[in-house]
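Below: the structure, in structure tokens.
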Amino acid sequence: MNDFNYAHKDTSDGERQTETARFNKPRISESLQAIRAEAFRREIPVSDDETLCLLQTLVCSKQPEKILELGTAVGVSGIAMLGACPTAHLTTVERDAGFYAEAQKNFVEAGVTDRVTQIFGDAGEIIDALDGEFDFVFLDCAKVQYIKYLPRLKELLKKGGILYADDVLLFGYVTGEVETPKKRRALVAHVKEYIDAVCNDEELFTTVLDVGNGAAISVKR
């Protein structure tokens, strides 16, 4: 069992598998793979192969100058994004002190600390205080807050920028392929509200993809 105060589901066997999972493999170093394997062993929810592959593909295509990540965890996705775009700078936010400290160590070992601004605190409070705009936003924090954060994230996103919201299918609860546990129904309702909002927002082009645990990819017009 992990040492972190973080709501999670056992991800020791990876996340929800799709039919394309066997094709989609990220380009990450052996050292980063070892960090991710250890995180899975400790039941820390870090990105699976499909999610990292899509994330790296989008970052490589966009070549962002500035990336915003909400939900650092232990730094796996942040390091993977920086590997896909060697000129990018990452601002990453984490509210769990244990995750924050471990990510800081992993950023050092990956040699990317000069390209990372780590912020400890609540994502909602942090984004309200951020200045400037971002070319790419990776939203991977508390899913129930996605809809609440959306208006501010749209303000922070440059025109042509990409907003990637992760885990929007919630283990199949959102699509109905898996029955939603009673205690998760409010969460599912909030995530469905987010999906509906981004899919019907005139300022965004959005596609929801059955990749990993679900991804909503929005581009600001």
Side-chain angles (χ1 to χ4, degrees), residues 15-16 18 20 24 26 47-48 50-73 77-78 80-82 84-85 87-93 117 119 122-177 186-221:
E15 295 184 350
R16 172 177 171 273
T18 69
T20 56
N24 296 322
S47 298
D48 67 359
E50 276 209 297
T51 301
L52 278 186
C53 187
L54 177 59
L55 190 58
Q56 287 191 309
T57 300
L58 290 172
V59 168
C60 183
S61 174
K62 180 62 180 173
Q63 290 293 299
E65 290 183 22
K66 295 173 63 179
I67 300 171
L68 173 63
E69 176 182 50
L70 302 185
T72 313
S77 51
M81 286 189 286
L82 292 175
C85 183
T87 59
H89 185 91
L90 172 70
T91 297
T92 184
V93 181
T117 299
I119 303 175
D122 178 79
E125 296 175 2
I126 299 301
I127 60 176
D128 282 343
L130 287 176
D131 293 323
E133 293 181 309
F134 295 85
D135 311 279
F136 194 98
V137 176
F138 184 44
L139 180 57
D140 191 25
C141 54
K143 316 311 169 193
V144 72
Q145 302 294 346
Y146 282 14
I147 186 63
K148 178 182 176 182
Y149 296 162
L150 180 59
R152 179 56 179 155
L153 292 178
K154 284 174 57 184
E155 291 176 349
L156 291 171
L157 193 64
K158 286 184 179 180
K159 287 186 177 181
I162 297 172
L163 168 60
Y164 182 143
D166 198 25
D167 299 324
V168 297
L169 298 186
L170 288 173
F171 309 107
Y173 302 153
V174 170
T175 59
E177 64 194 270
L187 171 60
V188 170
H190 283 296
V191 173
K192 286 182 175 178
E193 187 180 0
Y194 176 85
I195 292 173
D196 182 67
V198 293
C199 287
N200 291 285
D201 192 314
E202 292 296 324
E203 292 185 74
L204 303 172
F205 285 110
T206 297
T207 299
V208 178
L209 300 174
D210 188 13
V211 169
N213 205 22
I217 311 298
S218 302
V219 179
K220 186 173 179 180
R221 300 176 63 177

Note to self: Counting C-beta onward and ignoring hydrogens, is there a side-chain heavy-atom pair between E202 and R221 closer than 4.5 Å?
What the structure shows: yes
Next item on the list: May I ask you to test the N24-L54 pair for a side-chain heavy-atom distance under 4.5 Å?
Entry: no
Note to self: With heavy-atom distances below 4.5 Å as the criterion, would you say the side chains of K192 and V174 are in contact?
What the structure shows: yes
Next item on the list: Working to the nearest 0.5 Å, report the span between CG of L209 and OG1 of T51.
Entry: 10.5 Å
Check: CD/Q56 to OG/S61 distance, rounded to the nearest 0.5 angstrom?
Finding: 13.5 Å
Notebook entry, point to check: Nearest 0.5 Å, what's the CG-CG distance between L68 and L156?
Noted result: 6.5 Å
Checklist line | Summary of ring pair (Phe, Tyr, Trp, His ring centres under 6.0 Å) pairs that have at least one residue in residues 122-145, sequence neighbours excluded | finding: F138-Y164
Check: T18 versus V211: any side-chain heavy-atom pair under 4.5 Å?
Finding: no
Note to self: Just so I know, are the side chains of Y146 and V168 near enough to count as touching, which here means a heavy-atom distance under 4.5 Å?
What the structure shows: yes
Check: Nearest 0.5 Å, what's the CD-CG distance between Q145 and L139?
Finding: 10.5 Å
Notebook entry, point to check: Rounded to the nearest 0.5 Å, how far does CG of N213 lie from CD of E50?
Noted result: 10.5 Å
Margin query: More than 12 heavy atoms of other residues, nucleotides or ligands under 6.0 Å from CD of Q63: yes or no?
Written below: yes
Notebook entry, point to check: Of all heavy-atom pairs between A123 and C141, which one has the smallest distance, and what is that distance?
Noted result: CB-SG, 4.5 Å
Note to self: Quick check: do V198 and L150 have side-chain heavy atoms less than 4.5 Å from each other?
What the structure shows: yes
